[in-house]
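For ligands, and for the atoms within them, numbers begin at 1 and follow the listed sequence.
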Amino acid sequence: DRFSRLLPTLKALPVQAVHNDLNDWNVLIRQGVSCPSAITGLIDFGDMIRAPVICDLAILAAYAILDRDDPEQTLAALTAGYHSACPLGGAELAMLWPLVRMRLAVSVVNSTIEAEGRPDDPYVTISQAPAWRLLERPGLDDGRILARLRLACGLPVAPEAPAILGWLSANRGNFVPILGRDLADVPVGDLSVSGSILPENPFALTAAEAAMPGHDAPLWLGRHGEPRLIYTGLAFIGATKSDNRRTVHLGIDLFARQGSALAAPLAGEVMRAGYEQGHGGMVVLRHETGAGTFFTLWRHLAADCARLVPGTRIAAGEVFTHIGHPDGNGGRAPHLHLQLAFHDDTGWPGVADPDDRTVALARFPNPAALLNLPDEKVAFTPESEVELLDYRHNHFARNLKLSYHAPVMFLRGWKHHLFDQWGRPWLDAYNNVPHVGHAHPRLRAIAADQLGRMNANTRYLHPAQRAFAEKLISKMPKGLEICFFVNSGSEANELALRLARAATGGYDIITPDHGYHGNTTGAIDISAYKFNKPGMTGRKPWVHLVDVADDYRGPFRADDPDCAAQYAAQVDDALKRVAARGGKVAGFICETFPSVGGQIIPPQGYLAGVYARIRAAGGLCIADEVQTGLGRLGTWYFAFEQQGVTPDIVVLGKPIGNGHPLAAVVTTAEIARRFAEGPEFFSTFGGSTLSCRIGKAVLDIVDEEGLQQNAAGMGTRLLAGLRTLQDRHPTIGEVRGLGLFTGVDLVKDRESRTPFTAAADHVINRLRDMRILIGREGPADNVLKIRPPLTIDAEGVDRICVALDQALAELSA
Ligand code: PMP
């Protein structure tokens, strides 16, 4: 019925010969490994007919959008492409969506009839199920689709939109003040993702918080186009935490005293009015102007608005309603939400999905002119990623790297989630610094508290120094009882080298290949991952490398029962090289589980063999636990426990400050005594009052929130999920890990174990598209590194596995 009413319009559209059945079974495609896919031909010309041109696109589109997650966007992309080669007019675009639906309706009816005659031919009903799914899909909005198609083809959102916006702008300043006063000096509040103090937990917002308190100005404005984290109620979020929430505000808010009288800025006619407990009063007005008709929505009004019957004329300046009371408005602070549109059949969503903001903001433009305000005053201006990149390019060194082909920007965090400026949640499965979670309220409170009191260095006494040291030592094996506090892992490793040299009188260091210990001169000297790179000076004579104890790729493999012993025995050769150059060994340093080397778990017995040899030669054993310490491994608090050894010096960093720059070195009394024979040790910021309080709190939180246990449980779940994927995807050569220290080694084939670097690049960038952060490591950069904050939950772990499954499947497609 609806379609037949459109037939006169259809008949007036441009006509030509059309193929009339451009479904995907009739398009020939060339798909090759080395050449890009391309359309090479069409078949099945039996349906050709003289018909409106737009029918050809409608038929093609009907099939192209079947079973797509984003049928509207797909339709718009297809239409934009068609329009670029064969321009379409506004009248044709208006017919496209009705034609698509009609095609599908005809298709299901036709195939049902044909199937009766040809019950054994599956081709007849091949599109039936997906066609029904699309026809019955909820949420597809005719007005929004047309707006989207028009914008995709470079047309104004509605034919009359430019004239109306021009008219509004020309009359800015002449409208009757809706609150009876000029609004030019009224402050503008900031409820954006970065600016708002609320909510602390973006996933658990109570109605009271949603009332937007914290702004005590009696009168203030809320911005148009602003992404707001406050919209976290179930109505605003999709099925999972990864779905977009609708965050982008489509009106202007005017916060004012409840009961404030509201006057019409220009004459209008009531279209609809109503009052609903919890949402307050609502009125839609229609405004006729010389430039065309537009509509305004007024929300959160007092109950008096309900008396307005459709058709009531409101004169310019007439007080027609009042701002509502919080009780009737879901507890919200009293305010008017004013929104503008070119049509009244929009459903008037108050906020939009940020991915759809271009279309939404065009359909509901800034109503500032009606308040006699310049648009800029109440328009949200997003951070420009392009400008930030540009600045970075010009003022930061080129070897300061960004992650991903398309870099990402985050403004907020919560536990293992990060939020971009549009309030879209991302799963952080990569960052180990926010060990106890991003934006931990307790750490924020401690930092604010301590900065409000004092923050000084270790030359003065403070109980926080003792409290942190006591907590740290309580986690260490017996004998490791002297603490040094510094600012970074690099600085801690520098200090570890000085300790070992002071205590042994030796200078030479033995360390595994591909290790990383920091960015300072001394730390780089012992980091083969850095000094062997182009542009570096290479290995210093006092540094002696052994192979990484990698039983998947190294010279000795997991199937060799002597694997650990053979790797450990390489230290004998290194010690011989020390002697050969007339040196003396100061110590052995390694990341207990090599991380940049490819998320390696050394075979059992490896470190015991190494430590025995080093100690026999008079050297000390340094464990760099920056990546592995503090409960990440689940079963173990430190990785050296898993190897059954006790180091002489333990280095801790990154997670220990949860983002605050803090690192620590813990050693024995004897080593510290020898070191103390030298000059004063002082680090200006290391062990500051603030750092000590934060460090202690991080360790307490790991214990009190059961994060080590969570790492064990979630690590097991993750490894099991990854191993299931390994059964399905031959690209996965090995899955390794312990707790939340995991690696997935991607190979070209399992036999040769040739690293598949391009696959790892594909996977991390595809997971980025799915808003999941992971990394890649290893000498060939082919090992996926999954290393989330210890707060990750089952939902997060499962999401990683589902996303990896999809990204890996794309590789073989
Ligand atoms: N050691 C290891 C094992 C590390 O992973 C890192 C940093 N990635 C460091 C030391 C250096 O720490 P920082 O960047 O804090 O100096």
Side-chain angles (χ1 to χ4, degrees), residues 397 399-401 403 428 430-435 484-500 509 511-531 533 543 548-550 587-602 607 621-630 632-633 638-640 642-643 647 649-666 683-688 691 694-695 698 737-743 773-779 781 783 785-789:
N399 56 351
L400 190 75
K401 294 284 184 202
S403 298
D428 185 357
Y430 180 66
N431 287 294
N432 61 344
V433 171
H435 195 60
F484 297 86
F485 301 132
V486 289
N487 310 290
S488 67
S490 308
E491 202 185 337
N493 279 317
E494 292 277 2
L495 177 60
L497 288 183
R498 288 183 62 200
L499 287 167
I509 297 290
T511 187
D513 203 354
H514 305 300
Y516 181 62
H517 300 287
N519 63 32
T520 54
T521 307
I524 284 177
D525 283 345
I526 53 169
S527 301
Y529 166 71
K530 290 282 175 199
F531 70 61
K533 288 272 160 72
V543 176
V548 194
D550 174 353
F588 172 87
I589 182 167
C590 73
E591 300 167 68
T592 316
F593 292 175
S595 182
V596 297
Q599 299 289 93
I600 310 290
I601 314 278
L607 275 189
C621 300
I622 307 169
D624 181 337
E625 291 272 348
V626 168
Q627 293 276 347
T628 42
L630 313 185
R632 170 162 297 277
L633 305 176
F638 296 112
F640 59 74
Q642 186 264 2
Q643 287 281 313
I649 300 170
V650 177
V651 171
L652 299 170
K654 293 169 67 133
I656 201 168
N658 213 64
H660 181 77
L662 174 59
V665 179
V666 186
S683 164
T684 303
F685 302 116
S688 74
S691 294
I694 287 182
V698 169
L738 200 57
L740 292 173
F741 177 94
T742 41
L773 308 179
I774 64 166
R776 59 184 173 126
E777 290 288 13
D781 254 344
V783 181
K785 178 169 179 170
I786 306 172
R787 187 191 54 174

Problem set entry | Residues forming a side chain to side chain donor-acceptor pair (under 3.5 Å) with Asn493, sequence neighbours excluded | Asp624
For this session: Please report the closest heavy-atom contact between Asn431 and Arg632, naming both atoms and the distance.
Result: O-NH2, 4.5 Å
Exercise. Mind checking what makes side chain to side chain donor-acceptor pair (under 3.5 Å) contact with Glu625, not counting sequence neighbours?
Worked result: Thr592, Thr628
Seminar exercise, completed: Rounded to the nearest 0.5 angstrom, the CD1-CG distance for Ile656 and Leu662 is 5.5 Å
Problem set entry | Amino acids contacting ligand 1, non-hydrogen cut-off under 4.0 Å | Ser488, Gly489, Ser490, Asn493, Tyr516, His517, Gly518, Glu591, Asp624, Val626, Gln627, Lys654
For this session: Give a yes or no on this: more than 12 heavy atoms of other residues, nucleotides or ligands lie within 6.0 Å of atom CZ of Phe531.
Result: yes
Exercise. In chain order, what residues pass the side chain to side chain donor-acceptor pair (under 3.5 Å) check against Ser403, with sequence neighbours excluded?
Worked result: none
